[in-house]
**Q** 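My questions all concern the structure below.
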Amino acid sequence: MGGGGGLGGRRKMAAARSGPEEAAAAGGDGGPPVAATPGRAQIFAAVVDTFLEKLVAAGSYQRFANCYRCFYKLQPEMTRSIYDQFISQLQTSIKEEIQEVKDEGNLEVLFNSLDKIVEEAKNREEPAWRPSGIPEEDVRSAVVPYLLKHRSYLRKVLKEKEEENRKVAESVLAGRDRIAELQQLIQARKHAWQAISKEQRELITTFKEPQ
């Protein structure tokens, strides 16, 4: 069949790609090679290959020939050729559509990102979060830390605003005190000027009195 060679070729290429990775995973101690954990992209490709194999098995040549028995009896070689072309085009069409989905969804990058996240999580000492099965507790465990963090942030902002308001209030009070001092100074100068003016008037009046 036309699709068997493509599947076998892909498996050989996958084996060739995974060979150096498995050798690297085995280390330099000469021990037996340790199989590398397949990534999600490889798993996805394997699932597609398995799906295509089962699809070909479900649509076997025998079933195809039984559906077109009259034509098969007249032209068995032509029937076989049509079947091979049909299977080959069907596999190609499915692979192209799957590839379009992968490209549009950027699945290759997402698979690699997930693999990286899982790999980094292995080095964590703290256990990963798992749902307890009780929605109320799960929501509380997820929301309460956020609320506490937000409360600390609000307290910090409130403290900063209170300090800012205190400084503004001190500045306003200082301004009021300065205004009061200026008013007193103006009032004192006013009284002094009035006293000088009174003395001048009295002096002028003295000079104007008849001899």
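Here, residue 1 is the first one in the sequence, and each next residue gets the next number. All values reported here derive from a predicted model rather than from experimental measurement.
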**Q** Can we say Arg166 and Glu170 salt-bridge, meaning some charged N sits less than 4.0 Å from an Asp/Glu carboxylate O?
**A** yes
**Q** Check whether any side-chain heavy atom of Arg40 lies under 4.5 Å from a side-chain heavy atom of Val118, and answer yes or no.
**A** yes
**Q** With the side chain counted from C-beta on, respond yes when Glu164 and Lys161 share a heavy-atom pair under 4.5 Å apart, and no when they do not.
**A**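 Heavy-atom side-chain distance check passes, below 4.5 Å.
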**Q** Output the rest of the hydrophobic cluster of Val168: all Ile, Leu, Val, Met, Phe, Trp and Tyr residues reachable through side-chain heavy-atom contacts under 4.5 Å, sorted by chain and number.
**A** Val172
**Q** Among Ile, Leu, Val, Met, Phe, Trp and Tyr joined by side-chain contacts under 4.5 Å, find the other residues sharing a cluster with Leu147 and list them by chain and number.
**A**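 Its cluster partners, ordered by chain and number, are Val139, Val143, Tyr146.
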**Q** Would you give the length of the straight line joining atom CD of Gln187 to atom NE2 of His191, rounded to the nearest 0.5 angstrom?
**A** 4.0 Å
**Q** So, does Ser93 use its side chain to make a donor-acceptor pair with the main chain of Gln89 at under 3.5 Å?
**A** no
**Q** Do Arg178 and Glu181 sit within salt-bridge range, that is, some charged N less than 4.0 Å from a carboxylate O?
**A** yes
**Q** Kindly write out the residues that satisfy side-chain contact (heavy atoms from CB on, under 4.5 Å) with Phe71, not counting sequence neighbours, or none if the list is empty.
**A**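 Scan of Phe71 (side-chain contact (heavy atoms from CB on, under 4.5 Å), adjacent residues dropped) gives Tyr68, Gln75, Met78, Thr79, Ile82.
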**Q** State whether the side chain of Asn112 and the backbone N or O of Glu108 hold a donor-acceptor pair below 3.5 Å, judged by distance alone.
**A**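 Indeed, once roles are kept as given, a pair shorter than 3.5 Å links the two residues.
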**Q** How many angstroms lie between atom CD1 of Ile87 and atom OG of Ser60, to the nearest 0.5 angstrom?
**A** 9.0 Å
**Q** Leu74: which other cluster members, linking ILVMFWY side chains closer than 4.5 Å, directly or transitively?
**A**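 Reading the cluster by chain and number, Leu74 sits alone, since nothing else belongs.
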**Q** To the nearest 0.5 Å, what is the distance between OG1 on Thr92 and NZ on Lys95?
**A**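 One finds 6.5 Å between OG1 of Thr92 and NZ of Lys95.
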**Q** Other than Leu148, what residues sit in its cluster of Ile, Leu, Val, Met, Phe, Trp and Tyr side chains whose heavy atoms are under 4.5 Å apart, directly or through others?
**A** Val144
**Q** Please answer whether the main-chain N or O of Tyr61 pairs with a side-chain N or O of Tyr83 as donor and acceptor at a distance below 3.5 Å.
**A** yes
**Q** Starting from Leu52, can I reach Val47 by hopping between I/L/V/M/F/W/Y residues whose side chains sit under 4.5 Å apart?
**A**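 No; tracing contacts between hydrophobic side chains, which count when under 4.5 Å, never links both residues.
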**Q** Working to the nearest 0.5 Å, report the span between CD1 of Ile134 and OG of Ser141.
**A** 10.5 Å
**Q** What I want to check is whether the side chains of Gln99 and Asp103 have a donor and an acceptor closer together than 3.5 Å.
**A** yes
**Q** For Val48 and Ile94, run side chain to side chain contact (heavy atoms under 4.5 Å, CB included): C-alpha distance rounded to whole Å, both residues' side-chain angles, the deciding distance at 0.1 Å, then the answer.
**A** CA-CA 9 Å; Val48 173; Ile94 292 175; 5.6 Å; no
**Q** Quick one: list whatever passes ring pair (Phe, Tyr, Trp, His ring centres under 6.0 Å) with Phe86, sequence neighbours left out.
**A**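 Phe86: no ring pair (Phe, Tyr, Trp, His ring centres under 6.0 Å) contacts found.
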**Q** Between CG of Leu110 and CZ of Phe44, what distance do you get to the nearest 0.5 Å?
**A**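 Answer for the CG-CZ pair, Leu110 versus Phe44, is 11.5 Å.
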**Q** Could you tell me whether the side chain of Asp84 reaches within less than 4.5 Å of the side chain of Ser88, counting heavy atoms only?
**A** no
**Q** Considering residues, nucleotides and ligands other than Gln194, do more than 12 of their heavy atoms fall under 6.0 Å from its CD?
**A**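 Correct, the count exceeds 12.
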**Q** Is a side-chain N or O of Thr50 found less than 3.5 angstrom from the main chain of Ala46, in a donor-acceptor match?
**A** yes
**Q** Any non-hydrogen side-chain atom of Phe111 less than 4.5 Å from a side-chain atom of Gln42?
**A**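 No. Closest side-chain heavy atoms not under 4.5 Å.
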**Q** Set out, in order, the CA-CA distance, both residues' side-chain angles and the distance that settles side chain to side chain contact (heavy atoms under 4.5 Å, CB included) for Arg140 and Glu137, then state yes or no.
**A** CA-CA 5 Å; Arg140 189 182 300 110; Glu137 293 184 0; 3.8 Å; yes
